[in-house]
Amino acid sequence: MTTEAAAEFASHRSRLFSLAYRTLGSASEAEDAVQDTYLRWSAADRALIHTPAAWLTRVLTNLCVNRLTSARARREVYVGTWLPEPVLTHPAASELGPLETAEQRESVSLALLTLMERLTPAERAVFVLREAFGHSHREVAEAVGIEEAHSRQLHRRARERLDGRRHFDVDGAGHRRIVERFLAATLDGDLAGLERLLADDVVAWTDGGGQVTAARRPIAGRARVLRYLLGLGSRPEVAYVHFEFVEANGAPAALVRADRTLVAVVVPEIHDGLVSGVRTIVNPAKLAFAARQSAA
């Protein structure tokens, strides 16, 4: 492959990773899909490729759809709650592209990525291309390999499955203060503080993947989540961890480290000024990408 061809691919790599991650909900699988796309680009006759961006999008999208098909089977036997892999983000630069608007932030939120597990692989690909990247239905149809009318149908079906379940508040500074208070109250065993911060219908999810000890089912309701959080805060090992406040998937979050090892990423969901959800990833395999990002 020529230096020019390698440079051309490099100019698209960030966008391709961003597309693959939104489609797959997995940073490691997104990296693999981008690498497979690179291998196909290396072997392709570029004289026949008139629009590299469209060609690369089509190849990557089909690789992602194939991966989603096999991933769905694996996730059906996943131990405990499945959550997406967290990716650290910040306004100045992000592997996930610009996150300047509410819509852009929602497109990478753990909440929406989890909801998108309800969609078929084709619905998810169409939804991401249309909603997150603004492609026309003609462009989406070409990327997915379907008719334009079918693209419209899949997009409408995806919206119907997701609408009514989506809400994304954007108040970076205000939300970070709530996240800091929430984590401090958890560590301090501050019952009254937690009661003031938790919504009545709050839900806590923890993804350990069977690799580390974690609640295997969602914990719902203020009273149950309170007991769960107070139990976590009382564990002896909590005295040896420290928090680093960051932004993950477009929202305020915290990295939890034991010594220098990343052991958890906690992403509270804030709605109407209260904590309405807490997503905690402790599966070591799912922390590897964020660990590399935080070490860079």
Side-chain angles (χ1 to χ4, degrees), residues 1 5-44 46 49 51-76 78 82-89 94-99 104 107-110 112-135 139-146 151 154 158 207 209 248-250 281 283 285-293:
M1 183 170 59
E8 175 72 30
F9 184 86
S11 70
H12 295 280
R13 181 179 286 275
S14 178
R15 179 181 63 85
L16 294 174
F17 176 82
S18 179
L19 170 58
Y21 176 74
R22 285 170 168 85
T23 307
L24 297 169
S26 166
S28 56
E29 290 187 18
E31 287 184 310
D32 290 343
V34 172
Q35 182 60 26
D36 287 347
T37 302
Y38 176 76
L39 294 176
R40 284 161 174 74
W41 171 256
S42 302
R46 273 170 292 283
I49 301 174
T51 310
W55 188 92
L56 291 168
T57 298
R58 182 170 64 254
V59 170
L60 179 76
T61 298
N62 281 279
L63 286 169
C64 287
V65 168
N66 291 337
R67 284 177 176 273
L68 275 177
T69 302
S70 59
R72 286 168 70 89
R74 293 196 305 273
R75 290 170 190 175
E76 286 177 358
Y78 191 81
W82 182 93
L83 293 174
E85 288 183 31
V87 173
L88 305 189
T89 55
S94 169
E95 283 87 346
L96 301 183
L99 299 176
Q104 289 170 335
S107 74
V108 297
S109 70
L110 293 185
L112 182 60
L113 292 174
T114 303
L115 274 178
M116 285 200 290
E117 289 293 298
R118 301 170 179 267
L119 307 181
T120 67
E123 287 171 348
R124 185 161 180 164
V126 168
F127 181 84
V128 169
L129 286 166
R130 180 69 177 156
E131 296 278 329
F133 290 86
H135 287 294
E139 293 168 332
V140 173
E142 290 177 356
V144 183
I146 56 178
S151 172
L154 290 174
D207 182 341
N249 293 75
I281 298 92
N283 183 345
K286 291 190 175 184
L287 297 174
F289 189 84
R292 293 204 307 272
Q293 286 182 294

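In what follows, residues are counted from 1 in the order of the sequence shown. The model shown is predicted, which means the values in this text are computed figures rather than measured ones.
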Provide the closest heavy-atom pair for [X] versus [Y] in the form atom of the first, atom of the second, distance.
X      : Y      : answer
Pro84  : Leu113 : CG-CB, 3.6 Å
Cys64  : Ala33  : SG-CB, 4.2 Å
Gly97  : Ser18  : N-OG, 4.3 Å
Val144 : Ala125 : CG2-CB, 4.4 Å
Ala290 : Pro86  : CB-O, 4.0 Å
Tyr78  : Gly209 : OH-CA, 3.3 Å

Please examine the side chains of [Y] and [X], heavy atoms only from C-beta on, and report whether any two atoms are closer than 4.5 Å.
X     : Y      : result
Leu96 : Arg22  : yes
Val87 : Gln293 : yes
His12 : Thr37  : no

Determine the interplanar angle of the Phe9 and Tyr38 rings, folded into 0 to 90°, and report it as parallel if under 30°, tilted if 30 to 60°, perpendicular if over 60°.
perpendicular
Atom pair [atom1]/[atom2] of [X] and [Y] - distance to nearest 0.5 Å:
X      : Y      : atom1 : atom2 : value
Leu154 : Arg124 : CG    : CZ    : 14.5 Å
Glu123 : Leu68  : CD    : CG    : 11.5 Å
Glu8   : Trp41  : CD    : CH2   : 5.0 Å
Glu31  : Glu85  : CD    : CD    : 8.5 Å
Phe133 : Ser107 : CZ    : OG    : 7.5 Å
Glu95  : Ser14  : CD    : OG    : 7.5 Å

In sequence, state the C-alpha distance, the side-chain angles, and the governing distance for Thr61 and Glu142, and then conclude on side chain to side chain contact (heavy atoms under 4.5 Å, CB included).
CA-CA 10 Å; Thr61 298; Glu142 290 177 356; over 6 Å; no
Any side-chain donor near an acceptor of the partner, Ser151 and Arg130, under 3.5 Å
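Not at all, the side chains of Ser151 and Arg130 share no donor-acceptor pair under 3.5 Å.
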Please walk me through it: do Leu60 and Thr23 pass side chain to side chain contact (heavy atoms under 4.5 Å, CB included)?
CA-CA 10 Å; Leu60 179 76; Thr23 307; over 6 Å; no
In terms of side-chain geometry, is the basic nitrogen of Arg74 or Glu29 positioned less than 4.0 Å from the acidic oxygen of its partner?
yes
May I have the step-by-step check of side chain to side chain contact (heavy atoms under 4.5 Å, CB included) for Trp82 and Lys286, ending in yes or no?
CA-CA 10 Å; Trp82 182 93; Lys286 291 190 175 184; 3.2 Å; yes
Could you go through Asp36 and Arg67, starting from their C-alpha distance and side-chain angles, then the distance that decides it, and tell me whether this counts as side chain to side chain contact (heavy atoms under 4.5 Å, CB included)?
CA-CA 12 Å; Asp36 287 347; Arg67 284 177 176 273; 3.0 Å; yes
Going through the distances and angles, do Thr57 and Arg15 end up as a side chain to side chain donor-acceptor pair (under 3.5 Å)?
CA-CA 9 Å; Thr57 298; Arg15 179 181 63 85; 2.8 Å; yes
